[in-house]
J.: 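This is the structure, below, for whatever I ask next.
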Amino acid sequence: MTGPGAPRARQVEAELFRRASAGQPEAFGDVVASFRAELQLHCYRMLGSVHDAEDLVQETLLAAWRGLDGFEGRASVRSWLYRIATNRCLNLLRDRGRRPAERPAPPEQVIPPPPTRWREPDFLEPYPDVLLNGVPDMAHDPAARYEAREAVGLAFMVALQRLSPRQRAVLVLRDVLAFRASETAQILGTTEVSVNRALHRARQAIESATSPGQRERVPLPDSAAERDLMARFTTAFEAGDVPGVVALLTGDAVLTMPPEPLEYQGPAAIAQFLSTVPAGGALDRFRLVPARANGQPAFGCYLRDPHAPDAHAYGLMVLTLSSSHVTAITGFADTSVFHFFGLPPTLR
């Protein structure tokens, strides 16, 4: 924490921790409540899973409570909590690397058309915008290279998950959360030289995987331009109007479905996919419920039952926008994330 209010904040934290160590658990709750949202987002950036992030932030706070006696106050409470969270995430990633990754079963067994290209599988879940409430934006800090919402966008998250766990931790701690090199080294139990080397490699990888300047072309959230584009997309999709959907795409638009290694690029390839795979190409069987994920517009997709009035959860679709067009459609088949978005399993 930096700025003119930092010393006072540190004094408040120290007093609350003194009370918590003296057996007043409500004081501990007062301290960690202000960090919970940002710690959960940190765990998500590290793990790429909203489910795992929720579990890890609980483990972090439990470990902090149990380790209160060992907190000596040499670092800030924030650094101490991030050290616990980061190292628990690294441990989970190490364990995860020893077992095969699980993939959600597809909602239907349809053979997709040949993709434009095969890509590295991205084991990533969408993150609901509602969980971003209360997360501080470090963009005002000169040490932060990314805004809070930019650093949770799908393009950034995909690039982040392709880094090694250690590089991922260094990049997030330094460039997103604005920790100093010395603090990052302390959190990770390494040297500043090691941190700087990892950061250099991580920055090169992120910059080569993301499009510079794309953020400036994105319509503002809930702006008239975004609402108009979303309305036109919804109308065309629910009408089964594949040409109408494709007309809203840029010429280099891509469609992906993490963790499937398939990528469809360009309007023609995406049109072929939409005409054959979702509900066998019967897009008019879908109902789209607006949502927001990773700072981007999204839809909960529900498939109508042909023999009943119900529509059942099918998947989450996240759109990436540029000016007045859609540059990417990302589909997530795992409907277990719906409850994080406040989306019901069934529409009646």
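All residue numbers in this chain count up from 1 along the given sequence.
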J.: Side chain to side chain contact (heavy atoms under 4.5 Å, CB included) with Leu229: which of Leu319, Thr234, Leu321?
T.: Leu321

J.: For residues Arg88 and Asn91, is any side-chain donor paired with an opposing acceptor at under 3.5 Å?
T.: no

J.: For Ala64 versus Leu81, what's the shortest heavy-atom pair and its separation?
T.: CB-CD2, 3.7 Å

J.: If you look only at distance, which donor and acceptor atoms sit under 3.5 Å apart when one is on a side chain in residues 339-348 and the other is two or more places apart or in another chain?
T.:
unit_1: His339; atom_1: ND1; unit_2: Ser336; atom_2: O; d: 3.1
unit_1: Arg348; atom_1: NH1; unit_2: Asp310; atom_2: OD1; d: 3.3
unit_1: Arg348; atom_1: NH1; unit_2: Asp310; atom_2: OD2; d: 3.0

J.: Do Leu188 and Leu173 have side chains that get closer than 4.5 Å, going by heavy atoms?
T.: yes

J.: Got a second to check how far Ile329's CD1 is from Ile270's CD1, nearest 0.5 Å?
T.: 5.5 Å

J.: Find out whether Glu226 and Leu220 are in side-chain contact, i.e. whether some heavy atom of one side chain is under 4.5 Å from a heavy atom of the other.
T.: no

J.: Of all the heavy-atom pairs spanning Thr86 and Ala169, show the shortest one and how long it is.
T.: CG2-CB, 4.0 Å

J.: Identify whether NZ of Lys or CZ of Arg in Arg78 sits under 6.0 Å from the centre of the six-membered ring of Phe179 and within 45° of that ring's axis.
T.: yes

J.: Identify every side-chain donor-acceptor pair in residues 273-284 under 3.5 Å, counting partners at least two apart or on other chains, and give the distances.
T.:
unit_1: Ser275; atom_1: OG; unit_2: Ala271; atom_2: O; d: 2.7
unit_1: Thr276; atom_1: OG1; unit_2: Gln272; atom_2: O; d: 2.8
unit_1: Thr276; atom_1: OG1; unit_2: Phe273; atom_2: O; d: 3.3

J.: So do the side chains of Gln186 and Ser79 get within less than 4.5 Å of each other, counting heavy atoms only?
T.: no

J.: So if you build clusters from Ile, Leu, Val, Met, Phe, Trp, Tyr with side-chain heavy-atom gaps below 4.5 Å, do Val254 and Met257 land together?
T.: no

J.: Test your reading of the model: is there a side-chain donor-acceptor pair from Thr320 to the backbone of Thr327, 3.5 Å cut-off?
T.: no

J.: Side chains of Leu262 and Thr256, heavy atoms from C-beta outward: is any pair under 4.5 Å?
T.: no

J.: Start with the C-alpha gap between Phe299 and Phe233, add the side-chain angles, then the distance that decides, and say whether side chain to side chain contact (heavy atoms under 4.5 Å, CB included) holds.
T.: CA-CA 11 Å; Phe299 297 101; Phe233 186 93; 3.8 Å; yes

J.: What residue among Asp129, Val130, Leu132 forms side chain to side chain contact (heavy atoms under 4.5 Å, CB included) with Arg292?
T.: Asp129

J.: Looking at Arg197, I'd like to know if its CZ atom is crowded, meaning that more than 12 non-hydrogen atoms belonging to other residues, nucleotides or ligands lie closer than 6.0 Å.
T.: no

J.: Would you sort out whether Arg45 and Tyr127 count as a side chain to side chain contact (heavy atoms under 4.5 Å, CB included), showing the intermediate values?
T.: CA-CA 10 Å; Arg45 289 187 177 115; Tyr127 198 77; over 6 Å; no

J.: Return the CE to CG distance between Met317 and Leu255, rounded to the nearest 0.5 Å.
T.: 9.0 Å

J.: Do Trp65 and Leu61 have side chains that get closer than 4.5 Å, going by heavy atoms?
T.: no

J.: Is Thr330 close to Gln296 at the side-chain level, that is, under 4.5 Å between some pair of heavy atoms?
T.: no

J.: Within this structure, what is the CZ-CG distance for the pair Arg232 and Asp228, rounded to the nearest 0.5 Å?
T.: 4.5 Å

J.: Using distance alone, with no hydrogens and no angle criterion, decide if Ser182 and Glu192 have a side-chain donor and acceptor under 3.5 Å apart.
T.: no

J.: Does Arg304 use its side chain to pair, donor to acceptor, with the backbone of Ala311 at less than 3.5 Å?
T.: no

J.: In chain order, what residues pass the side chain to side chain contact (heavy atoms under 4.5 Å, CB included) check against Ala231, with sequence neighbours excluded?
T.: none

J.: Mind listing the closest non-hydrogen atom pair of Leu93 and Met46 along with its distance?
T.: CD1-O, 3.6 Å

J.: Looking only at heavy atoms, what is the nearest atom pair of Pro258 and Gly331, with distance?
T.: CD-O, 3.4 Å

J.: Could you walk me through whether Thr116 and Glu263 pass side chain to side chain donor-acceptor pair (under 3.5 Å), step by step?
T.: CA-CA 6 Å; Thr116 306; Glu263 179 179 301; over 6 Å; no

J.: Give, for atom CD of Glu120 and atom CZ of Arg162, the distance between the pair rounded to the nearest 0.5 Å.
T.: 5.0 Å

J.: Answer yes if the side chains of Ser194 and Thr191 hold a donor-acceptor pair under 3.5 Å, and no otherwise.
T.: no

J.: Evaluate the side-chain proximity of Gln161 to Asp122: yes if any heavy-atom separation is below 4.5 Å, no if none is.
T.: no

J.: Within this structure, what is the CG-OH distance for the pair Leu124 and Tyr44, rounded to the nearest 0.5 Å?
T.: 4.0 Å

J.: For side chain to side chain contact (heavy atoms under 4.5 Å, CB included), just list the numbers for Leu160 and Arg168, CA-CA rounded to whole Å, side-chain angles, deciding distance to a tenth of an Å, and then say yes or no.
T.: CA-CA 6 Å; Leu160 196 62; Arg168 194 183 310 170; 3.5 Å; yes

J.: Could you tell me if the side chain of Phe332 sits less than 4.5 Å from the side chain of Val337, heavy atoms only?
T.: no

J.: Is the number of heavy atoms from other residues, nucleotides or ligands under 6.0 Å of Glu59 CD greater than 12?
T.: yes

J.: Between Gln40 and Val57, is there a donor-acceptor pair closer than 3.5 Å when you use the side chain of the first and the backbone of the second?
T.: no

J.: Quick one: do Leu288 and Cys301 satisfy side chain to side chain contact (heavy atoms under 4.5 Å, CB included)? Show the steps, please.
T.: CA-CA 5 Å; Leu288 305 186; Cys301 302; 3.7 Å; yes

J.: Minimum heavy-atom separation for Pro114 to Tyr264, with atom names?
T.: O-CE2, 3.5 Å

J.: I need the minimum non-hydrogen distance between Ser323 and Pro219, along with the two atoms involved.
T.: O-CG, 3.1 Å

J.: Any chance you could measure His42, atom NE2, to Thr60, atom OG1, to the nearest 0.5 Å?
T.: 8.5 Å

